[in-house]
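Everything on this sheet refers to the single structure shown next.
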Amino acid sequence: MSTDEHAERFTLLRPLLFTIVYEILGSVTESDDVLQNSYMRWAEVDLATVRDTKSYLAQLVTRQALNAMRTSARRREDYIGSWLPEPLLLDENDASTDVLLAESVSMAMLVLLETLTPDERAVFVLREVFGFEYHDIAAAVGKSVATVRQVAHRAREHVRARRKRFEPADAATTARITERFMTAAATGDLEGLLSLLAPDVTWTADSGGKTTAARRPVVGAEKVAAVLMNLFRLERLADLRIERVNCNNTPAMVLSGERLEGVFLIEIADGKITNFYAIRNPDKLLAVAVPRQISR
């Protein structure tokens, strides 16, 4: 087989492969590295021995993602403050037609997946999101089919127990509340802000110790409103540009001045804003330069 044949098969499946790796790692930049390393291995494969390209490549990138996760484990342990996944910049309607895909890349789900072991996370993603057969997953994670079934059950129960009891807001409600939030924030309307926040709304900031940010989550409408009023104070906004984007199939704001200040994702449920995810670590902001394509 020619190199072109390898490239054609890999390129066709790249959005799917990227999505698998991103959901396992929670990092756009590390996912790019995994795909690059995986392609180098793929280019050496005799295609005559490959019966199912999708399954073969899914197994290959999963193994590489698990290797990357083990390598980064120490960095996670030494991380300063809260750790959040890298924001995934999408075209405005990229995931909206696929509800399962949209939920699987949401910041809330990725934060929840952080509570799983690496093997549980890989098995959950491959089975629950992408629907791979147990024997394919077993080959990807290097375990028996029986063990993988047990891991899948354990991971599924873990996620189910911790999933939010309120369904995410529909697109129209999300757009309406986001617009009201941006207007209230930009005009310093404290009462308007408070009316949009759930009583137990949480602000989680990720700076990695590289910029100013709360190192522990801030909980409660009044406390979070105070954080927002400081962030969006008028004299500060004079030097900043606010752009609304779609990150992780969630409304998000990109704040930038001379440099990118941060990406702020909004989570809405039951008609109120329940979570803010503030990614301010400069290393993680590199991921929002180019929209990504996801698929399952």
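Here the closest heavy-atom approach between residue L190 and residue A225 is recorded as CD1-CB, 3.8 Å. Smallest separation of non-hydrogen atoms from T204 and P217: OG1-CB, 4.0 Å. Contact between G208 and N281 at its shortest, heavy atoms only, is CA-ND2, 3.9 Å. Heavy atoms only, all atoms of each residue included: A122 and L66 are closest at CB-CD2, 4.0 Å. The two residues A68 and V34 make their nearest non-hydrogen contact at CB-CG2, 3.9 Å. Taking every heavy atom of both residues into account, I177 and G271 meet most closely at CD1-O, 3.3 Å.
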Subject >> CA sep, side-chain torsions, deciding dist, call: L193, F232, side-chain contact (heavy atoms from CB on, under 4.5 Å) >> reply: CA-CA 11 Å; L193 276 179; F232 289 98; over 6 Å; no

**OP:** Kindly indicate, with the supporting measurements, whether the criterion side-chain contact (heavy atoms from CB on, under 4.5 Å) is fulfilled by L57 and L60.
**Re:** CA-CA 5 Å; L57 284 173; L60 175 59; 4.1 Å; yes

**OP:** Carefully, step by step, assess V61 and F18 under the rule side-chain contact (heavy atoms from CB on, under 4.5 Å).
**Re:** CA-CA 9 Å; V61 301; F18 172 84; over 6 Å; no

**OP:** Begin from the C-alpha positions of R296 and T19 and carry the test side-chain contact (heavy atoms from CB on, under 4.5 Å) through to its verdict.
**Re:** CA-CA 7 Å; R296 70 180 183 100; T19 311; 5.9 Å; no

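Between S106 atom OG and L265 atom CG the span is 10.0 Å, to the nearest 0.5 Å. Taking CG from L228 and NZ from K223, the interatomic distance works out to 14.5 Å, rounded to the nearest 0.5 Å. Rounded to the nearest 0.5 Å, atoms CD1 (I242) and CG (L255) are 5.0 Å apart. Taking CG from L89 and CG from L285, the interatomic distance works out to 12.0 Å, rounded to the nearest 0.5 Å. The line from CG of L260 to CZ of R241 is 9.0 Å long, rounded to the nearest 0.5 Å. Atom CD of E103 is separated from atom CG of L101 by 10.5 Å, given to the nearest 0.5 angstrom.
Both Y39 and V50 are members of a single hydrophobic cluster when ILVMFWY side chains are connected at heavy-atom separations under 4.5 Å. Grouping the Ile, Leu, Val, Met, Phe, Trp and Tyr side chains by contacts below 4.5 angstrom, directly or via other members, places L286 apart from L35. L110 and W83 end up in different hydrophobic clusters when Ile, Leu, Val, Met, Phe, Trp and Tyr side chains are linked at under 4.5 Å. Following chains of ILVMFWY side-chain contacts shorter than 4.5 Å, one can reach L231 starting from M182, so the two form part of one hydrophobic cluster. V145 and L126 fall within a single hydrophobic cluster, where Ile, Leu, Val, Met, Phe, Trp and Tyr side chains are chained together by heavy-atom contacts under 4.5 Å.
M109 has its side chain out of reach of V105: every pair of non-hydrogen atoms, C-beta onward, lies at least 4.5 Å apart. Contact annotation: the side chain of R292 approaches that of D32 to within less than 4.5 Å [non-hydrogen atoms, C-beta and beyond]. The shortest distance between side-chain heavy atoms of T62 and I137 does not fall below 4.5 Å. The shortest side-chain heavy-atom distance between L90 and P291 does not fall under the 4.5 Å cut-off. Taking 4.5 Å as the limit, some side-chain heavy atom of L113 sits within range of a side-chain heavy atom of V125. The shortest side-chain heavy-atom distance between Q293 and R14 does not fall under the 4.5 Å cut-off. Counting only heavy atoms from C-beta outward, the side chains of V21 and I24 never approach each other to under 4.5 Å. For the pair C247/V263, a side-chain contact is recorded, criterion being any heavy-atom separation below 4.5 Å from C-beta on.
Side-chain atoms of R121 come within 3.5 Å of backbone N or O of E23 as a donor-acceptor pair. Panel note: side chain T211, backbone S207; no donor-acceptor pair is recorded below 3.5 Å. Side-chain N or O atoms of W42 include one that pairs as donor or acceptor with a backbone N or O of H6 at under 3.5 Å. A donor-acceptor contact shorter than 3.5 Å links the side chain of T274 to the backbone of E267. In this structure, the side chain of R280 does not engage the main chain of A205 through any donor-acceptor pair within 3.5 Å. One N or O on the side chain of N248 and one on the backbone of L88 form a donor-acceptor pair closer than 3.5 Å. At distances below 3.5 Å, at least one donor-acceptor pair connects side-chain atoms of T115 with backbone N or O atoms of L112. With N246 contributing its side chain and T250 its backbone, the two residues share a donor-acceptor pair below 3.5 Å. In this structure a side-chain-to-backbone donor-acceptor pair under 3.5 Å is present from S195 to G192. Looking only at distances, no side-chain donor or acceptor of D206 sits under 3.5 Å from a matching main-chain atom of I279.
Atom CD of E222 has 12 or fewer neighbouring heavy atoms from other residues, nucleotides or ligands inside a 6.0 Å radius.
Remark: R63 pairs with no residue by the salt bridge (Lys or Arg N to Asp or Glu O under 4.0 Å) rule, at least two apart or across chains. In this structure K143 satisfies the salt bridge (Lys or Arg N to Asp or Glu O under 4.0 Å) test together with D119, sequence neighbours excluded. Partners of T53 under the side-chain hydrogen bond (donor to acceptor under 3.5 Å, both in side chains) rule, at least two apart in sequence or in another chain, are R9. For D283, the salt bridge (Lys or Arg N to Asp or Glu O under 4.0 Å) partners are K210, not counting sequence neighbours.
Aromatic ring orientation, F130 versus F132: tilted (interplanar angle from 30° to 60°). The aromatic rings of F276 and W203 sit tilted, their planes meeting at an angle between 30° and 60°.
Y56 does not carry R51 over the face of its six-membered ring by the limits of under 6.0 Å from the centre and within 45° of the normal.
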Just distance, no hydrogens or angles: give the donor-acceptor pairs under 3.5 Å from side chains in residues 149-156, sequence neighbours left out.
from : atom 1 : to   : atom 2 : distance (Å)
R154 : NE     : E120 : OE2    : 2.8
R156 : NH1    : E128 : OE2    : 2.8

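The distance between the ring centers of F264 and F181 does not fall below 6.0 angstrom.
With respect to D136 and K54, no salt bridge is recorded, no charged nitrogen being found less than 4.0 Å from a carboxylate O.
A salt bridge (charged side-chain N to carboxylate O under 4.0 Å, His left out) check over residues 79-88, counting only residues at least two apart or in different chains, returns nothing.
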